[in-house]
Enquirer: 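Quick one: the structure is below, questions incoming.
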Amino acid sequence: MSIKTRFAPSPTGYLHIGGARTALFSWLYARKHGGRFVLRIEDTDLERSTAESVNAILEGMTWMGLEYDEGPFFQTQRFDRYAEIIQQLLDSGHAYRCYCSKEELEAMREEQMANKQKPRYDGRCLEREAPREGVEPVIRFRNPREGEVVIDDLVRGRVVFKNSELDDLIIARSDGSPTYNLTVVVDDMEMGISYVIRGDDHLNNTPRQMNIMKALGYEPPKYAHVPMILGDDGKRLSKRHGAVSVMQYRDEGFLPEALINYLVRLGWSHGDQEIFSLEEMIELFEVENINNSASAFNTSKLVWLNQHYIKESSPEHIAHHLSFHLGNLGIDPSEGPDILEVIKANQERAKTLVEMAQNIVFFYKEFEAFEEKAAKKNLKADAAPALEALRAGLAECEWSDEAIHALVERTAEELELKMGKVAQPLRVAATGGGISPPIDVTVRLIGRERTIERIGRALEYIEKSAD
RNA sequence: GCUCCCAUCGUCUAGCGGUCUAGGACUCCGCCCUCUCACGGCGGCAACAGGGGUUCGAGUCCCCUUGGGAGUACCA
């Protein structure tokens with residue numbers, strides 16, 4: 001049988017980190033085995049599902065590069081089919097109508113809780129002969145009363161549930177719309193899903209779903225329940241933890257491959273290896289190596305990976321993702337040096353793309369003022385001779401890293417100053433601050449005109465400060 | 001409450017009965033490199049939750065306790 005996996009989010013918010021990881025695992029599994037990966041939108045909850053959420057999920061998938069082979073399918077477009085199945089279940093006696101009121105159910109639950117029992121529907125409507133006047137019934141699946149359901153989970157191992165612990169769950173609301181446990185089963189069967197890789201929180205639903213499948217005469221797929229992702233504090237991931245949306249990581253300057261690499265290592269491992277290319281992940285991914293305990297999201301490790309990928313990627317690739325952040329800062333790369341050159345000079349000194357964008361503003365825009373601390377330290381009267389010599393030298397020297405470097409060195413020698421006493425004032429003069437790539441590269445990229453002009457500005461600053 | 005799941009450094013993890021005086025990575029702290037910031041190099045701190053078994057031998061198997069988590073909806 002061919003391998004098919006799926007990612008089935010409900011569109012009630014953005015694509016979050018936990019969902020992104022199960023999507024990644026499912027995607028990897030399909031890719032590794034030459035199978036297909038299906039995207040299915042579980043939007044049966046009309047109240048909470050939104051079109052914006054659908055778009056956000058699609059956008060997140062695209063940004064991460066998790067392309068799907070089939071879908072997106074929408075469950076709301078399959079209501080007719082679900083209705084057929086529900087009727088079929090009704091006809092075969094596997095389902096029945098329930099006329100119980102909310103109050104009645106609530107009372108039942110309270111009583112069971114009081115008796116230290118697990119609250120569950122007792123099946124009283126099964127005995128009901130006639131419909132209740134004026135009540136639109138829900139439809140319940142008639143769960144077996146005896147025996148047990150065994151899940152041979154690919155990551156959890158053998159998990160057993162007694163049927164006596166389960167109850168007759170609602171598969172259609174009183175308005176006739178189907179509910180989650182029914183639609184999942186129908187779709188997983190009819191879409192030919194062979195491996196269901198999903199969050200741990202669904203483990204409890206699995207025996208119910210397996211029972212429905214059995215009633216419908218189908219073999220259940222293989223299941224792999226992956227543990228949850230916790231926040232930095234070890235608590236359940238929520239909005240309190242800053243970024244939980246995949247797109248927020250883009251906004252904060254992360255490369256998709258860094259996020260993917262981080263996510264694949266969260267709850268999965270291949271020995272001591274930390275860095276995985278997409279090809280390696282696909283080749284090495286094994287469901288058996290998925291951890292069974294929940295793991296906490298650790299932003300600093302993600303940052304480290306991001307820095308790694310910024311360092312290792314081609315300038316072209318960085319440029320592609322950086323343009324978004326440049327735009328956010330109102331920078332037009334055509335108004336300055338070649339962006340690829342600037343990126344090359346900054347790849348080793350940025351942890352995020354946001355940081356990189358901020359660091360290269362001075363290549364493209366005039367800075368407002370010299371950064372106070374750096375200026376106070378480096379733009380002092382004793383720096384003036386060096387700056388003047390540099391201004392003169394830069395006006396006529398060959399415009400290359402080597403020549404500029406030689407000029408700075410020569411200036412230091414002639415004035416009997418340490419390199420730092422020459423290079424650093426020049427850096428502050430040229431960039432406005434005390435941080436930049438090597439001074440020769442920095443100056444070369446800023447350009448002759450601009451550098452000379454800025455040195456003049458620095459000399460004015462020194463003069464003014466002397467008063 | 002009940003059912004199910006989980007438990008190695010602060011965090012992510014390796015470990016699938018003896019090779020563990022428990023390895024790697026991130027973080028943090030030193031040192032080196034150095035025109036700034038970084039990169040890089042070297043070194044350091046730091047863990048088998050507790051208690052019972054099983055076994056010649058347990059981080060590794062079993063049980064209990066404790067502590068986390070999930071579910072218990074006409075949500076998914």
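Chain identifiers are assigned alphabetically (A, B, ...) following the order of the sequence lines, protein sequences preceding nucleic acid strands; residue numbering begins at 1 within each chain. Quick caveat, the model's predicted, so the values are computed rather than measured.
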Enquirer: Using 0.5 Å steps for rounding, measure from the OG1 atom of A:T12 to the CD atom of A:E52.
Expert: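 So the OG1 of A:T12 and the CD of A:E52 are separated by 12.5 Å.
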
Enquirer: Is the charged tip of A:R40 near the ring of A:F74: under 6.0 Å from the six-membered ring centre and within 45° of its axis?
Expert: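 Judged by the rule (NZ or CZ under 6.0 Å from the ring centre, within 45° of its axis), A:R40 is not positioned above A:F74.
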
Enquirer: With sugar-phosphate meaning primed atoms plus P, OP1 and OP2, does A:R109 contact a base, only sugar-phosphate, or nothing at under 4.0 Å between heavy atoms?
Expert: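 Here A:R109 touches the backbone only, sparing every base.
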
Enquirer: So A:K311, base contact, sugar-phosphate only, or nothing? Heavy-atom distance under 4.0 Å.
Expert: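 Result for A:K311 = sugar-phosphate.
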
Enquirer: Is A:D188 salt-bridged to A:R6, cutoff N-O under 4.0 Å?
Expert: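 A salt bridge links A:D188 with A:R6.
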
Enquirer: Using purine N1 to pyrimidine N3 plus N6-O4 or O6-N4 for Watson-Crick, or N1-O2 and O6-N3 for G-U wobble, each under 3.5 Å, what pairs with B:U19?
Expert: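 Matched B:U19 with nothing under the 3.5 Å cut-off.
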
Enquirer: Give A:P207 one of three labels, base, sugar-phosphate or nothing, depending on what nucleic acid heavy atoms sit under 4.0 Å from its own.
Expert: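 Nothing: the residue A:P207, judged by heavy atoms under 4.0 Å, touches no strand.
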
Enquirer: When we call it a touch if two heavy atoms are under 4.0 Å apart, what does A:R156 touch: a base, just sugar-phosphate, or nothing?
Expert: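 Sugar-phosphate: the residue A:R156, judged by heavy atoms under 4.0 Å, touches backbone atoms but no base.
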
Enquirer: Expressed as a whole number of angstroms, how long is the span from A:F7:CZ to B:A76:P?
Expert: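 Rounded to whole Å, this separation is 16 Å.
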
Enquirer: Within the structure shown, what part of the strands sits under 4.0 Å from A:E47 by heavy-atom distance: base, sugar-phosphate, or nothing?
Expert: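 Since no nucleic acid heavy atom lies under 4.0 Å of A:E47, the category is nothing.
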
Enquirer: Is it true that A:D167 and A:R208 have a side-chain N and a carboxylate O under 4.0 angstrom from each other?
Expert: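 Salt bridge present between A:D167 and A:R208.
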
Enquirer: Summarise protein proximity over nucleotides 8-16 of chain B in one line of letters, 5' to 3': B for base, S for sugar-phosphate only, - for none, counting protein heavy atoms closer than 4.0 Å.
Expert: ---BBSS--

Enquirer: May I ask you to verify if any side-chain N or O of A:R208 is less than 4.0 angstrom from the OP1 or OP2 atom of B:U72?
Expert: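 Looking at the OP1 and OP2 atoms of B:U72, neither is under 4.0 Å from any side-chain N or O of A:R208.
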
Enquirer: Assign A:T44 to base, sugar-phosphate, or nothing according to its heavy-atom contacts below 4.0 angstrom with the strands shown.
Expert: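 Answer is sugar-phosphate: A:T44 comes under 4.0 Å of backbone atoms only.
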
Enquirer: Using 4.0 Å as the upper bound for N to carboxylate O, is an ion pair formed by A:E414 and A:R410?
Expert: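 A:E414 and A:R410: not salt-bridged.
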
Enquirer: Could you tell me how far B:A14 sits from B:C56 if I compare only their P atoms? Round to whole Å.
Expert: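 Here B:C56 and B:A14 have their P atoms 30 Å from each other.
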
Enquirer: Contact class for A:S174 vs. all strands (heavy atom < 4.0 Å): base, sugar-phosphate, or nothing?
Expert: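 Base, at least one base atom sits under 4.0 Å.
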
Enquirer: Using whole Å, report how far CZ of A:R48 lies from P of B:A76.
Expert: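 One finds 7 Å between P of B:A76 and CZ of A:R48, rounded.
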
Enquirer: So what does A:V159 hit on the nucleic acid, given a heavy-atom distance under 4.0 Å: a base, only sugar-phosphate, or nothing?
Expert: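 Sugar-phosphate: the residue A:V159, judged by heavy atoms under 4.0 Å, touches backbone atoms but no base.
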
Enquirer: Salt-bridge test for A:E106 and A:R109: reply yes if a basic N is under 4.0 Å from a carboxylate O, no otherwise.
Expert: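 Yes, this pair counts.
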
Enquirer: Using a heavy-atom cut-off of under 4.0 Å over every strand shown, decide if A:P437 touches base, sugar-phosphate, or nothing.
Expert: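 Counting heavy atoms under 4.0 Å across all strands, the contact made by A:P437 includes a base.
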
Enquirer: For A:Q117, which contact category applies under a 4.0 Å heavy-atom criterion: base, sugar-phosphate, or nothing?
Expert: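 Answer is base: heavy atoms of A:Q117 come under 4.0 Å of a base.
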
Enquirer: If you find the nucleotide of RNA chain B closest to A:V160 and the one closest to A:D45, which residue's nucleotide is nearer the 5' end?
Expert: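 By nearest-heavy-atom nucleotide position, the 5'-most residue is A:V160.
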
Enquirer: Could you tell me whether A:H225 contacts a base, only the sugar-phosphate backbone, or nothing, with contacts defined as non-hydrogen atoms closer than 4.0 Å?
Expert: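 The answer is nothing, as A:H225 stays clear of every strand by at least 4.0 Å.
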
Enquirer: Rounded to the nearest 0.5 Å, what separation is found between the CZ atom of A:R21 and the CG atom of A:L24?
Expert: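 Answer rounded to 0.5 Å: 9.0 Å.
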
Enquirer: Watson-Crick or G-U wobble partner for B:U60, using a 3.5 Å limit on both distances?
Expert: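 Checking every strand shown, B:U60 finds no partner, since no pair has both distances under 3.5 Å.
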
Enquirer: Is it true that A:E388 and A:R391 make a salt bridge, defined as a side-chain N closer than 4.0 Å to a carboxylate O?
Expert: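 No, this pair does not count.
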
